[in-house]
Structures are given as C-alpha cells and as structure tokens.
Amino acid sequence: MSEKDRYDADIHQENTDETDSGLTEDMTAREDTGQAEAPQTAEEAGSPEQKMDSSDEKVEEDTGTDQEDGHPEESTQEDSEKDSEDDLEEDPEEDLEEDLEEDDSSDPDDEETESKIPAAKRSRRKRRGRRRSRMIKQKRKSEKKGKKGWIIAGSITGAVLLMYLGAAAFFYSHFLINTTINGKDFSGKTVEDVKEYLIGQVAGYQLTLVEQNNVTDVITGADISLVYKENSDIEDALRGQNQLLWIVSLFSRSSTDITIEVEYDEAALEKKIQTVQAVTAEQKEPVSARPEYDGNVFVVAPEEYGTAVDMETFTAKIKEYITEFRPQLDMMDEGCYILPKYTSESPEVQEACDTMNQYLSASITYPMTEDVVVDKELISSWLSYDEEMKVTFDETAVREWMRGFGSTYDTVGTTRSITSPTGETTEVSGGTYGWSVDEDTETQKLIDSIKNGEVAEREPVYNQTAASHSEQDWGTTYIEVHISEQHMWYIGDGAVALESDVVTGLPKDDRDTPTGVYSILYKEKDSTLKGETDPDTGKPSYETPVDFWMPFTWQGHGFHDATWQPSFGGSRYQTNGSHGCVNMPHDKASQLFDMIEDGTPVIVHD
C-alpha cells in the first residue's frame with residue numbers, strides 16, 4: 001500500500017473513531033446529567049455526517065454546560081479565537097506531511113486516551129481532518145491534469161515529426177522549394193518534369209533580339225540546330241539535395257542553380273549574329289559625359305549613346321539566353337552596346353568640373369597700351385581632362401601665349417616711326433632700346449597665379465623697360481640724330497633743349513654710325529677712346545683722349561667732343577667721318593653731358 005493510500009485510510013479511520021468517541025462521550029454526559037435518551041431509530045440516527053454534526057452540537061452544549069458550571073465564557077472564546085488563528089497560520093502542506101508522520105508513528109494505545117481529550121480540541125482536530133481531505137483531493141486532480149498535458153504535447157510532437165519526415169520523403173523524388181533549372185522554377189517537380197519541359201522548349205524555341213529604336217531580329221532553334229543534350233545532371237542535382245533540410249528551402253533560393261547544357265551549331269550561331277541589324281549598322285562610338293565650358297563656368301555635358309555593339313558581351317548574352325530558353329533579349333538593358341564610360345551622374349565628371357572652375361577664378365590684368373586680361377575666357381582654353389577625368393593645366397600653352405604676348409609688346413629692334421623737329425617723319429628700326437618681357441619668368445609667375453586663383457593687376461616681368469607703351473616708346477625726352485642732315489637734337493619733355501651739327505661715322509669700311517633706337521649706357525669725363533687692336537703692332541689702331549664721353553652701344557659708339565674736327569655738319573662725314581661715333585663741338589658736348597642721364601633714349605636714323 002502506498003503512503004498516500006495509507007494516509008487516506010488513516011484519515012477515514014480517524015474520522016470514524018472521532019465520531020464514535022464523540023457519541024460515547026455524549027451519552028456518558030447525558031447519563032451523568034440524568035438526560036439519557038431512548039435509543040434512536042435508523043432514521044433518527046441519520047448518516048455519519050449527521051452524527052458528526054450532532055457530535056459537534058453536543059460538544060458545544062457540553063462547552064456551554066461547562067460554562068454554567070463555573071467556567072468563564074471569555075476563556076472559551078479566547079480559546080476558539082486562538083484555535084482559528086492557529087488554523088490560519090498553519091501551512092496546509094506542512095500539516096499534511098506532519099499528520100502523515102504522526103499517523104505512521106502513532107501508538108494504538110493512544111486511542112484509549114483519545115476520549116480523555118477535551119471536546120473543543122477534538123472539534124478542531126476534526127476540522128483539520130476535513131481540510132486535509134480536501135487538500136488530498138486537489139492534489140490528485142492536479143496530478144491527473146499534469147499527466148494529461150504531457151500526453152497531449154507528446155501526441156502533437158509525434159504528429160509534427162511524422163509530417164516533417166513525410167515531406168522529407170517526398171523530396172527524395174522531387175526538387176526542393178525555390179530550385180531553379182535554366183532560370184525556371186521547378187519547385188516540387190520530378191526529374192521527368194524537367195526533361196519534359198526542356199525537350200518542349202527546344203522544339204519551338206526562338207530568341208527575339210530587341211535593338212535600338214525598337215528594331216528586332218529573331219534567332220530560332222532551327223537556325224542553329226538547337227537540341228537538348230541529355231545527361232545525368234538533373235538526376236545528380238536531385239541526389240545532391242539535403243532532403244532532411246527541406247524546410248530551409250522555403251526561406252531561401254537553392255544555393256546553386258542547375259544549368260542544363262544544350263547543343264547547337266556554334267558556327268551557325270556566329271554567322272547568324274553577324275546578320276543582326278545592330279551589328280551590320282554603322283558602329284558609332286559613344287561619348288562620355290564630360291566637363292564643358294558654357295562661357296562662364298565648366299558644367300557637365302551629358303553622355304551620348306552610340307550604336308557600336310560590344311560583340312563580346314553581345315555574343316555571351318545570346319548564348320546565355322539560349323541556354324536558359326529565355327525568349328527576348330533587350331540589347332540596351334543587357335549592356336550589349338558599348339556604353340559611355342562616364343554618365344552625368346558620375347562623380348568623377350563633377351569633380352573635374354569643380355577643379356577646372358577653381359582655375360577659372362583667377363584673373364590677371366597687364367596694363368599695356370590697353371589692358372590685357374588673362375581671365376576665364378583664356379584660362380578655360382588651357383584646361384583639359386584625360387580618360388580618367390584627371391584635370392590637366394596646359395603649361396606649354398601658357399608659354400606659347402606668353403611668347404605671343406612678348407612679340408606684341410616687346411619693342412626692342414622693332415620698326416618705329418619718328419617725327420623730327422623739322423616735321424619730317426621717318427621710320428627707324430634696330431637698336432637695343434625698348435620693352436622686352438622676361439617670358440620664362442613671367443610664364444611661371446602667371447601659372448602660379450592661375451593655380452592660386454589670384455586676382456591682380458600688375459606689370460609683367462621685364463628684361464628691360466622703356467619710357468612708354470605708346471608707339472614711340474622712348475617717350476618725350478630723348479636724343480635724335482639725323483645722319484643725312486648731320487644734325488642732332490636733345491628733346492626734353494617734348495621740346496628742343498639742345499641742338500647741334502655733328503660729324504657721324506665714315507660711311508665705309510664699317511665705320512658708319514649704326515641706326516636704331518638705343519640708350520645712353522653711362523657718362524664719363526676725361527676718357528681715352530681706343531680703336532680695335534692692330535694685329536701687326538698689337539696696339540689699338542688709335543687712342544684719342546676726350547673730355548666728355550657718352551656711349552650708347554657696347555661696341556664703342558657714342559657722343560663725345562671732337563676738337564680735331566675743324567667743322568661740323570654738311571657732307572664732311574663722307575670724307576672725314578668718325579670711326580662710328582657722333583662728333584660734337586666741345587661746348588655742345590659739355591652741355592649735353594650735363595643735361596642727360598644714364599638711360600636716355602637715343603634715336604639714330606638716316
């Protein structure tokens with residue numbers, strides 16, 4: 001017998017004993033008080049529960065009797081309240097365990113003393129017995145519900161497992177969900193289904209090529225002798241499936257699509273491709289998006305699509321579509337035309353525009369006869385980009401421009417006109433005086449200014465300068481020598497300050513005075529003029545002391561006093577001319593020496 005069954009039996013026995021004991025005590029009490037009653041019939045006796053209720057009432061009467069016999073009522077109420085508190089504080093589970101232990105360890109002899117227990121205590125014990133009985137019933141119900149839940153869960157799990165294994169068994173002969181073969185979904189299909197589809201596709205297959213401007217061409221399976229190449233690939237693919245993991249295929253496409261081979265005549269396909277209209281048409285190359293100067297800044301010029309076909313891509317796409325039995329190939333969508341490398345959305349193009357526009361922010365103004373401005377109009381022509389959209393600033397082009405600038409504004413040796421005080425106008429060329437731009441230095445300076453986005457007005461760097469950027473760049477203060485007139489003028493601020501007849505070089509034996517525009521190199525008093533060294537004597541051909549020496553060439557041509565000349569002007573220079581210098585009377589030479597400065601322009605003309 002289990003502990004629970006034994007506990008139930010003990011409780012039942014305890015209730016029976018307590019009931020009998022209660023009845024016995026009641027009868028004894030009645031006998032003691034002279035209130036013994038006649039025996040009851042079966043109906044009057046009632047059920048055991050009724051007996052227990054009567055016993056309880058009896059106990060209450062006894063208690064009341066005890067109170068009448070001198071026991072205070074307050075004491076009884078206090079005991080009852082205490083018992084109720086004890087009942088509330090007691091843990092039913094602990095009571096159940098303690099009572100089981102007490103029942104196991106109880107001694108039969110104790111039953112004899114049971115009748116000696118006060119009625120109130122016995123009543124409390126009965127209530128505890130009933131409570132334990134209810135606890136046992138509730139515990140049995142809970143155990144039954146737990147067992148039932150486990151049975152249901154196990155049944156559901158078994159059913160799900162059977163269904164899962166059934167699906168796995170299905171996929172031993174069918175392809176998993178999301179399996180594609182030659183681009184077509186064959187989820188849940190068999191090997192025979194796939195073969196039947198492939199054979200049917202080959203029979204009437206044709207590929208439509210959609211070209212530019214909605215022009216179309218068609219390649220049929222008959223054109224290229226297309227046949228299905230049967231092999232074990234489909235069966236191998238089915239065997240390669242992991243059927244037990246079939247549920248994974250519900251959420252993702254098969255990791256490896258199956259591609260079934262077809263056979264066709266390669267040469268026939270190549271020949272057919274060469275007849276496609278897109279291939280036979282003019283092959284115009286595309287033009288990428290690019291920086292373009294709009295007159296103010298560089299902007300992105302949109303790309304231009306051409307008609308040139310990318311034959312390698314085109315051929316590969318045709319073969320791919322045939323293999324997958326796809327019906328229509330859009331050449332533009334599939335990139336079969338040679339596409340522009342850069343489009344309007346390409347960041348490289350915009351970055352190139354931004355870089356070029358930074359150069360355009362520079363502006364350099366040269367104040368010449370009229371302002372010469374190097375700004376965005378000119379700078380834009382010096383900017384370019386390569387195939388990788390890397391911007392190049394053409395420094396060579398800047399140097400070429402600077403050479404042109406120098407040619408325009410350099411005046412050294414150029415032909416210029418002069419109007420003599422007599423009113424005669426003549427042209428003069430040659431000489432060493434005038435403007436000369438240092439082109440190498442100024443080119444580099446201009447390049448740096450443009451790169452830095454500089455805005456400035458400045459003179460270019462010169463090798464030498466002149467008095468004015470006007471046509472007569474010598475300005476209003478200069479010396480003029482008229483050879484044919486054998487006369488000279490010193491013009492100061494536009495007016496004649498000094499004039500004199502002179503004797504110029506003998507017009508033969510390389511002794512004539514050179515024409516052109518020059519400048520006074522320096523001034524020197526008490527100088528000795530020396531001729532070229534005579535190879536026979538090793539000495540200068542002449543040595544002539546002068547008081548005032550004012551050279552205008554480094555070859556020894558200049559103004560000086562010539563006291564050895566008896567006269568000046570006229571035609572004397574043709575017979576007694578100098579070695580190339582301009583001979584002057586002593587007083588005139590002295591005056592000129594005091595008037596001029598180093599750098600004074602000198603114009604010598606016929």
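Note that this is a predicted model, so its numbers are computed, not measured. We're numbering straight along the sequence, starting at 1.
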Report task. Check the side chains of Q358 and D354 for a donor-acceptor pair under 3.5 angstrom, ignoring hydrogens and angles. Result -> no
Report task. Might you confirm whether atom CD of E370 has over 12 heavy atoms from other residues, nucleotides or ligands at distances under 6.0 Å? Result -> no
Query raised in the report: With no hydrogens and no angle check, do the side chains of Q565 and R572 hold a donor and an acceptor under 3.5 Å apart?
Result: yes
Query raised in the report: Can you tell if the side chain of I418 reaches within under 4.5 Å of the side chain of T425, non-hydrogen atoms only?
Result: no
Query raised in the report: Is there a donor-acceptor pair closer than 3.5 Å between any side-chain N or O of D330 and the backbone N or O of E211?
Result: no
Report summary line: In terms of heavy-atom contacts, R511 and G577 come closest through NH2-O, 3.0 Å
Query raised in the report: Cut-off 3.5 Å, side chains only: do Y462 and E459 have a donor facing an acceptor?
Result: yes
Query raised in the report: Can a donor-acceptor pair be found between the side chains of Q206 and T220 at a distance below 3.5 Å?
Result: no
Query raised in the report: Between I483 and T504, what is the shortest heavy-atom contact and its length?
Result: CG2-OG1, 4.0 Å
**Report entry** Heavy-atom side-chain proximity of W549 to K523 below 4.5 angstrom
**Finding:** no
Query raised in the report: Do the side chain of N357 and the main chain of C353 share a donor and acceptor less than 3.5 angstrom apart?
Result: yes
Query raised in the report: So, T411 and D473: side-chain donor and acceptor under 3.5 Å apart, yes or no?
Result: yes
Report task. For residues I219 and I318, determine if any side-chain heavy atom of one lies less than 4.5 Å from a side-chain heavy atom of the other. Result -> yes
Query raised in the report: Does a donor on one side chain sit under 3.5 Å from an acceptor on the other, for Q283 and T307?
Result: no
Report task. Using distance alone, with no hydrogens and no angle criterion, decide if D440 and T443 have a side-chain donor and acceptor under 3.5 Å apart. Result -> no
Query raised in the report: Under 3.5 Å, is there a donor-acceptor pair linking the side chains of E303 and S344?
Result: yes
Query raised in the report: At their closest point, which heavy atom of D501 faces which heavy atom of P585, and how far apart are they?
Result: O-CD, 3.7 Å
Report task. Please check if atom CD in Q274 has more than 12 non-hydrogen atoms from other residues, nucleotides or ligands closer than 6.0 Å. Result -> yes
Counting only pairs under 3.5 Å, give me each side-chain donor-acceptor contact of residues 589-602, with atom names and distances, residues two or more places apart or in other chains.
{"from": "T600", "atom 1": "OG1", "to": "E597", "atom 2": "N", "distance (Å)": "3.2"}
{"from": "T600", "atom 1": "OG1", "to": "E597", "atom 2": "O", "distance (Å)": "2.7"}

Query raised in the report: Do you know which of R416, E424, E480 makes side chain to side chain donor-acceptor pair (under 3.5 Å) with H605?
Result: E480
Report task. Please name the pair of heavy atoms, one in G580 and one in T513, separated by the smallest distance, quoted to 0.1 Å. Result -> O-OG1, 2.9 Å
Report summary line: With sequence neighbours left out, the residues meeting side chain to side chain contact (heavy atoms under 4.5 Å, CB included) with D386 are E388, K390
Query raised in the report: Does a side-chain N-to-carboxylate-O contact under 4.0 Å join E266 and K271?
Result: no
Query raised in the report: Under a 4.5 Å cut-off applied to non-hydrogen side-chain atoms, are V582 and V604 in contact?
Result: no
Query raised in the report: Can E442 and K445 be counted as an ion pair, charged N to O under 4.0 angstrom?
Result: no
Requested in this report: May I ask you to check whether F393 and Y359 place their ring centers less than 6.0 Å from one another?
Outcome: yes
Which atom pairs, donor and acceptor, lie under 3.5 Å between side-chain atoms of residues 394-404 and protein residues at least two apart or in another chain?
{"from": "D394", "atom 1": "OD1", "to": "T396", "atom 2": "N", "distance (Å)": "3.2"}
{"from": "D394", "atom 1": "OD1", "to": "A397", "atom 2": "N", "distance (Å)": "3.1"}
{"from": "E395", "atom 1": "OE2", "to": "K451", "atom 2": "NZ", "distance (Å)": "3.1"}

Query raised in the report: Under 30°, 30 to 60°, or over 60°: which ring-plane class applies to Y293 and F298, parallel, tilted or perpendicular?
Result: tilted
Query raised in the report: Where the side chain of S436 meets the backbone of N463, is there a donor-acceptor pair that is under 3.5 Å apart?
Result: no
Requested in this report: Might you confirm whether atom CG of D587 has over 12 heavy atoms from other residues, nucleotides or ligands at distances under 6.0 Å?
Outcome: yes
